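Worth saying up front: this structure is predicted, and the values here are computed from it rather than measured.
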Amino acid sequence: MARVAVVGAGVIGLSAAVCIQKLEPTAQVTIISEEFSPHTTGDGAAGLWTPFLVGSTPLDKVKKWSKATHDFLLELWNTENGGKLGIMLLPVTRVTSDDSLNDEAWKDTVFGYRVLTKKELAATEIPDLTYGTKFVTFICEPAKLLPYLLQRFKEKGGKVIKQRVSDLKTLQHEFDIVVNCTGVQAHHVVGDKKVKPIRGQVLKVEAPEISHAFLSDCEDGHYVIPNQDSVTLGGTHQENDWNRNPYPEDTKFIKEGCEKLYPTLKQAKLVREWVGLRPGRESVRLELEIINIPGGAPLKVKFIIVSQTLLRNNTPTFDLVIAKGVKYLF
């Protein structure tokens, strides 16, 4: 029986743990994390499905992984739990001034994809836009999904340890396999200096009249993403900034920018400000590494670092993706 440790309890860690149980029912799986919901990066995220800033991640992988996630959300949406998990279909308008934006990897996955006309771009009153699209996609609120995944994991016999892991090598005597889902903390835990924080500050407001998401991928763009109980206004993407406290200047920037997109937001009640540190990386890291430790058996470490370069606002990557990534560990 394989002894497996999943380090990290965010959307990737919990998804990985649940999927391992599904693939290898005889495995003894333990989640080890310093933080659990509602204190993870995902808990403040809107959870909109759409690939974002894919960097150098191969487009065939972007298409494969993102479609698998979309299919999983579709399946879960059709269950009695769909609404409880904050899963819903949402119309989206996405615009940019970047000529290099490439939707080829995923445009056939979403519903009703089409390119905006020049007249529609001009109607946004955002200067220098060169491209825009409309489509319908899923939103899944991590704050509602995470408790569900954790409960599902426990019901299958999974163990949970609330503990900080500073070095994966310390797990060598208790586990055969370690799945690293530490997110931005991989910078410290495994010394992956390619991982850097991309600080995201958002506002949560009450605005029930908004039922359409708007995303501006311009350099200083904003986004408005409605959830079931609130609307997420963003945002920032400040690289190498580890500060998790709100900046007043960012609050002002977000508020004023989003109010230009939706003037009714001027009357919206502020629910809270929130800051999260996305794991930024030039490409997704999904690989196996064997660590030889003197005086102990080799430790298999599976790195799963799904960075902000692939997923917007911490949209989770689910069963089918993680399954294909960890299957060959056993």
Side-chain angles (χ1 to χ4, degrees), residues 10-11 35-50 52 73 76-77 80-95 123-126 134-149 199-218 220-238 243-278 308 311-316:
V11 287
E35 299 289 356
F36 289 81
S37 182
H39 304 295
T40 74
T41 300
D43 281 287
L48 180 68
W49 183 101
T50 171
F52 181 55
L73 290 174
L76 197 56
W77 178 64
E80 61 181 10
N81 291 316
K84 299 175 184 177
L85 302 179
I87 301 175
M88 58 184 181
L89 284 171
L90 192 67
V92 179
T93 298
R94 183 182 185 186
V95 298
T124 67
E125 299 184 355
I126 300 175
K134 280 184 177 292
F135 53 91
V136 176
T137 188
F138 282 108
I139 193 162
C140 179
E141 298 178 50
K144 296 182 178 181
L145 177 75
L146 289 169
Y148 164 79
L149 289 177
R199 181 182 178 276
Q201 180 169 325
V202 300
L203 308 180
K204 301 282 188 176
V205 301
E206 291 182 2
E209 74 279 5
I210 294 178
S211 58
H212 186 116
F214 189 96
L215 318 173
S216 173
D217 288 346
C218 302
D220 291 323
H222 295 81
Y223 55 82
V224 178
I225 305 175
N227 291 121
Q228 288 182 341
D229 305 317
S230 64
V231 176
T232 302
L233 311 181
T236 65
H237 50 277
Q238 297 143 333
N243 189 356
R244 297 183 63 180
N245 296 311
Y247 293 141
E249 60 270 28
D250 286 346
T251 298
K252 183 175 184 292
F253 165 76
I254 294 168
K255 188 174 186 298
E256 292 180 351
C258 291
E259 286 174 355
K260 289 181 181 179
L261 298 174
Y262 290 91
T264 59
L265 287 172
K266 293 179 181 179
Q267 286 77 47
K269 179 182 177 181
L270 178 65
V271 177
R272 66 168 173 150
E273 296 177 276
W274 181 85
V275 176
L277 303 180
R278 309 176 184 94
Q308 197 249 355
L311 302 171
R312 174 185 292 275
N313 222 281
N314 288 292
T315 306

- Query: Of Gln201, Glu273, Glu249, which is the lone residue that meets side-chain contact (heavy atoms from CB on, under 4.5 Å) with Ile254?
  - Reply: Gln201
- How close do Phe253 and Gly221 get, heavy atom to heavy atom, and via which atoms? CZ-O, 4.4 Å
- Message: Taking the side chain as everything from C-beta on, heavy atoms only, tell me whether Leu215 gets closer than 4.5 Å to Ile225.
- Response: yes
- Query: So, for Ile87 and Trp77, which heavy atoms are closest and what is the spacing to 0.1 Å?
  - Reply: O-CD1, 3.6 Å
- Just jot down the salt bridge (Lys or Arg N to Asp or Glu O under 4.0 Å) partners of Lys266, sequence neighbours excluded, or say none. none
- Query: Under a 4.5 Å cut-off applied to non-hydrogen side-chain atoms, are Val202 and Tyr223 in contact?
  - Reply: yes
- For Asp250, check salt bridge (Lys or Arg N to Asp or Glu O under 4.0 Å) against everything at least two apart and list the hits. Arg199
- To the nearest 0.5 Å, what is the distance between OG (Ser216) and CG (Leu261)? 7.5 Å
- Message: To check you understand the geometry: which heavy-atom pair defines the closest contact between Ile210 and Pro226, and what is its length?
- Response: O-CB, 3.4 Å
- Query: Do His222 side-chain atoms and Phe214 backbone N/O form a donor-acceptor pair below 3.5 Å?
  - Reply: no
- Message: Other residues, nucleotides and ligands only: do more than 12 of their heavy atoms fall within 6.0 Å of CZ on Arg244?
- Response: no
- Item | Steps toward side chain to side chain donor-acceptor pair (under 3.5 Å) verdict (Thr40, Asp43) | CA-CA 5 Å; Thr40 74; Asp43 281 287; 2.7 Å; yes
- Note on the structure: The side-chain contact (heavy atoms from CB on, under 4.5 Å) partner of Ile139 among Leu90, Thr50, Leu89 is Leu90
- Message: Could you tell me if the side chain of Val231 sits less than 4.5 Å from the side chain of Lys204, heavy atoms only?
- Response: no
- Message: If I compare all heavy atoms of Leu265 with all of Val205, which pair ends up nearest, and what's the gap?
- Response: CD2-CG2, 4.1 Å
- Query: Can you name the nearest heavy-atom pair linking Lys144 to Gly86, along with the distance?
  - Reply: CD-N, 3.9 Å
- Taking it one step at a time, do Asn245 and Val275 satisfy side chain to side chain contact (heavy atoms under 4.5 Å, CB included)? CA-CA 6 Å; Asn245 296 311; Val275 176; over 6 Å; no
- Task: Might you point out which heavy atoms bring Pro142 and Gly42 nearest each other, and give the distance in Å?
- Result: CB-O, 3.1 Å
- Task: Under the salt bridge (Lys or Arg N to Asp or Glu O under 4.0 Å) rule, collect the residues that match up with Lys255, sequence neighbours excluded.
- Result: Glu259
- From CA spacing to verdict: side chain to side chain contact (heavy atoms under 4.5 Å, CB included), Thr124, Thr93: CA-CA 10 Å; Thr124 67; Thr93 298; 5.6 Å; no
- Query: To the nearest 0.5 Å, what is the distance between CD (Gln238) and OH (Tyr247)?
  - Reply: 6.5 Å
- Backbone of Lys260 reached by a side-chain donor or acceptor of Glu125 within 3.5 Å: no
- Item | Gap between atom CG of Leu48 and atom CZ of Phe138 - 0.5 Å precision | 11.5 Å
- Message: Under a 3.5 Å distance rule, please check whether Glu141 uses its side chain to pair with a backbone N or O of Gln228 as donor and acceptor.
- Response: yes
- Message: Using side chain to side chain contact (heavy atoms under 4.5 Å, CB included), reason through Tyr262 and Glu209 one step at a time and then give a plain yes or no.
- Response: CA-CA 10 Å; Tyr262 290 91; Glu209 74 279 5; over 6 Å; no
- Any sub-3.5 Å donor-acceptor pair from Thr137's side-chain atoms to Trp49's backbone N or O? yes
